[in-house]
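Values below: all heavy atoms of this structure, side chains included; hydrogens, waters and symmetry mates excluded. All figures in this text were calculated on a predicted structure; none of them were measured in a lab.
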Amino acid sequence: MDKPFQPPQATKLSIVIPARNEKEGIEGTIRAIPRDKLEKMGYEVEVLVVDNGSDDGTGELARRAGAEVVFEPKPGYGSAYKAGFACATGDIIATADADLTYPVEDIPRLVKILEEEKLDFLTTNRFALMDKDAMSFRNKVGNTILNLSMRLLFGLDIKDSQSGMWVFRRSILGKLKLTSNTPLSQELKIEACHFAKCHWKEILIRYQPRTGKAKLGGWKVGITNLLHLFKKRLIR
């Protein structure tokens with residue numbers, strides 16, 4: 001019989017979810033979080049939704065579904081996440097999008113891996129288990145270029161440089177220089193895995209079609225992220 005899971009030190013988990021006009025998916029995302037399972041594992045659970053300038057009632061829907069809401073008026077993926085990280089009080093931080101693409105029901109499994117393998121940072125790979133309609137061909141090509149560029153420039157064997165689902169110890173944030181906005185996902189991985197030399201791992205997850213209208217994507221974002229990789233290699 002397997003021994004019951006015992007969190008070694010961490011006692012509180014913060015789940016940070018950025019959201020801008022995500023009224024279609026925000027309540028379902030929050031309600032899919034397995035709070036009971038996490039609490040049975042020994043964690044106090046804090047769900048923080050960062051309302052990044054929504055005008056469709058996303059913040060109120062998130063509060064109604066049981067989340068705490070942080071308002072960050074400065075637009076952008078990175079701005080939202082940095083505001084959420086600053087407000088998070090958990091020993092461990094987990095992240096997900098507000099559109100039902102990432103499997104928040106897997107958070108207990110990912111936290112368990114982080115704890116049992118004594119990791120500092122865990123990132124996820126969407127591609128092997130991705131629903132066939134979850135990402136356009138154009139975005140798959142763009143992601144492939146970015147993945148290869150990160151490996152060449154930083155020597156990191158990360159298969160999904162743009163995944164937005166991570167689990168990490170809040171204590172590492174003080175070691176990271178997070179200065180970007182749109183490219184924050186790749187910058188966080190580079191900072192944690194390359195510069196801070198964290199003990200890290202990449203885990204396969206399911207990835208499903210989004211609920212609601214996409215906010216990021218296109219060649220403009222891809223080029224911005226590609227240029228950021230080269231800049232980051234030259235100037236930290």
Side-chain angles (χ1 to χ4, degrees), residues 5-20 22 25-52 54 58-59 61-72 74 76-124 163-176 178 184-185 187-189 191-193 196 198-201 203 205:
F5 171 71
Q6 295 292 331
Q9 294 181 340
T11 58
K12 187 172 184 179
L13 171 69
S14 297
I15 301 172
V16 178
I17 304 170
R20 183 174 185 274
E22 296 287 1
I26 188 63
E27 291 178 287
T29 298
I30 294 167
R31 289 175 178 148
I33 295 170
R35 286 179 182 254
D36 290 348
K37 190 169 185 178
L38 288 163
E39 288 168 358
K40 286 178 181 177
M41 290 169 65
Y43 295 101
E44 178 185 351
V45 180
E46 171 184 68
V47 179
L48 298 175
V49 169
V50 184
D51 186 344
N52 195 208
S54 300
T58 291
L61 292 171
R63 190 179 292 107
R64 189 185 305 167
E68 297 177 47
V69 179
V70 176
F71 291 97
E72 174 48 63
K74 184 179 178 181
Y77 185 79
S79 297
Y81 262 125
K82 282 179 272 190
F85 294 162
C87 293
T89 60
D91 306 287
I92 293 174
I93 295 174
T95 67
D97 286 353
D99 56 10
L100 298 171
T101 50
Y102 289 101
V104 294
E105 61 273 16
D106 276 0
I107 290 176
R109 176 176 71 93
L110 300 177
V111 169
K112 185 177 181 182
I113 293 170
L114 184 91
E115 293 280 38
E116 292 187 338
E117 299 190 23
K118 295 180 171 55
L119 303 173
D120 303 306
F121 180 80
L122 184 152
T123 187
T124 57
S163 173
M165 190 174 196
W166 326 297
V167 179
F168 60 91
R169 299 187 190 278
R170 185 165 60 94
S171 59
I172 73 170
L173 286 172
K175 304 175 185 179
L176 313 183
L178 302 176
L184 184 114
S185 180
E187 184 177 43
L188 180 69
K189 298 175 183 70
E191 282 288 328
C193 306
C198 291
H199 188 196
W200 67 276
K201 190 170 188 176
I203 301 294
I205 58 165

- Query: Just how far is it from atom OG1 of T29 to atom CZ of R31, taken to the nearest 0.5 Å?
  - Reply: 11.0 Å
- Message: Using side-chain heavy atoms (C-beta onward) and a distance below 4.5 Å, is I172 in contact with E191?
- Response: no
- Message: Less than 3.5 Å apart, any donor N or O on the side chain of S163 or T124 sitting next to an acceptor on the other?
- Response: yes
- Item | Gap between atom CZ of R63 and atom CD of E27 - 0.5 Å precision | 12.5 Å
- Query: Is a side-chain donor or acceptor of D99 paired with a backbone partner of G25 at a separation under 3.5 angstrom?
  - Reply: no
- Item | Test item: V16 and Y81 side chains (from C-beta on) under 4.5 Å apart, heavy atoms | yes
- Look only at the side chain of R170 and the backbone of G90, and say whether a donor-acceptor pair between them is shorter than 3.5 Å. yes
- Message: What I'd like to find out is whether the side chain of I107 reaches to under 4.5 Å of the side chain of L13, using heavy atoms alone.
- Response: yes
- Taking atom OH of Y43 and atom CG of D91, what is their separation to the nearest 0.5 Å? 8.5 Å
- Message: Looking at every non-hydrogen atom in both residues, tell me the closest pair between G76 and N52 and how far apart they are.
- Response: N-OD1, 2.9 Å
- Nearest heavy-atom contact between M165 and T95 is CG-O, 3.2 Å
- Query: Do the non-hydrogen side-chain atoms of I203 and L119 ever get within less than 4.5 Å of each other?
  - Reply: no
- Who passes ring pair (Phe, Tyr, Trp, His ring centres under 6.0 Å) against Y102, sequence neighbours left out? Y207
- Which pair of heavy atoms, one from F121 and one from L114, lies closest together, and at what distance? N-CD1, 3.9 Å
- Query: Do E115 and I92 touch side chain to side chain, with heavy atoms closer than 4.5 Å?
  - Reply: yes
- Under 3.5 Å, is there a donor-acceptor pair between the E46 and S14 side chains? yes
- Note on the structure: Between L176 and A196 the two heavy atoms that sit nearest each other are CD2-CB, 3.8 Å
- Message: Apply side-chain contact (heavy atoms from CB on, under 4.5 Å) to residues I17 and I33 and explain how you reach the verdict.
- Response: CA-CA 11 Å; I17 304 170; I33 295 170; 4.2 Å; yes
- Message: With a 4.5 Å cut-off on side-chain heavy atoms, are K189 and W166 touching?
- Response: yes
- Message: Tell me if a side-chain donor or acceptor on D51 pairs with a main-chain N or O of F71 at a distance below 3.5 Å.
- Response: no
- Task: Report yes if the side chains of I30 and I26 come closer than 4.5 Å at any heavy-atom pair, otherwise no.
- Result: yes
- Query: Which value, rounded to the nearest 0.5 Å, describes the distance between K82 atom NZ and L188 atom CG?
  - Reply: 11.0 Å
- Query: Hey, does R169 have a side-chain heavy atom less than 4.5 Å from the side chain of C198?
  - Reply: no
- Query: If you look at every heavy atom in V50 and A83, which pair is closest and at what distance?
  - Reply: CG1-CB, 4.3 Å
- Does a side-chain N-to-carboxylate-O contact under 4.0 Å join R35 and E39? no
- Minimum heavy-atom distance between I93 and A88, given as atom pair plus value: CD1-CB, 3.9 Å
- Item | Residues that E72 engages under salt bridge (charged side-chain N to carboxylate O under 4.0 Å, His left out), provided they are two or more places apart | none
- When rounded to the nearest 0.5 Å, the distance separating CD of E105 from CG of L110 is 10.0 Å
- Euclidean distance, D120 CG relative to H199 NE2, rounded to 0.5 Å: 7.5 Å
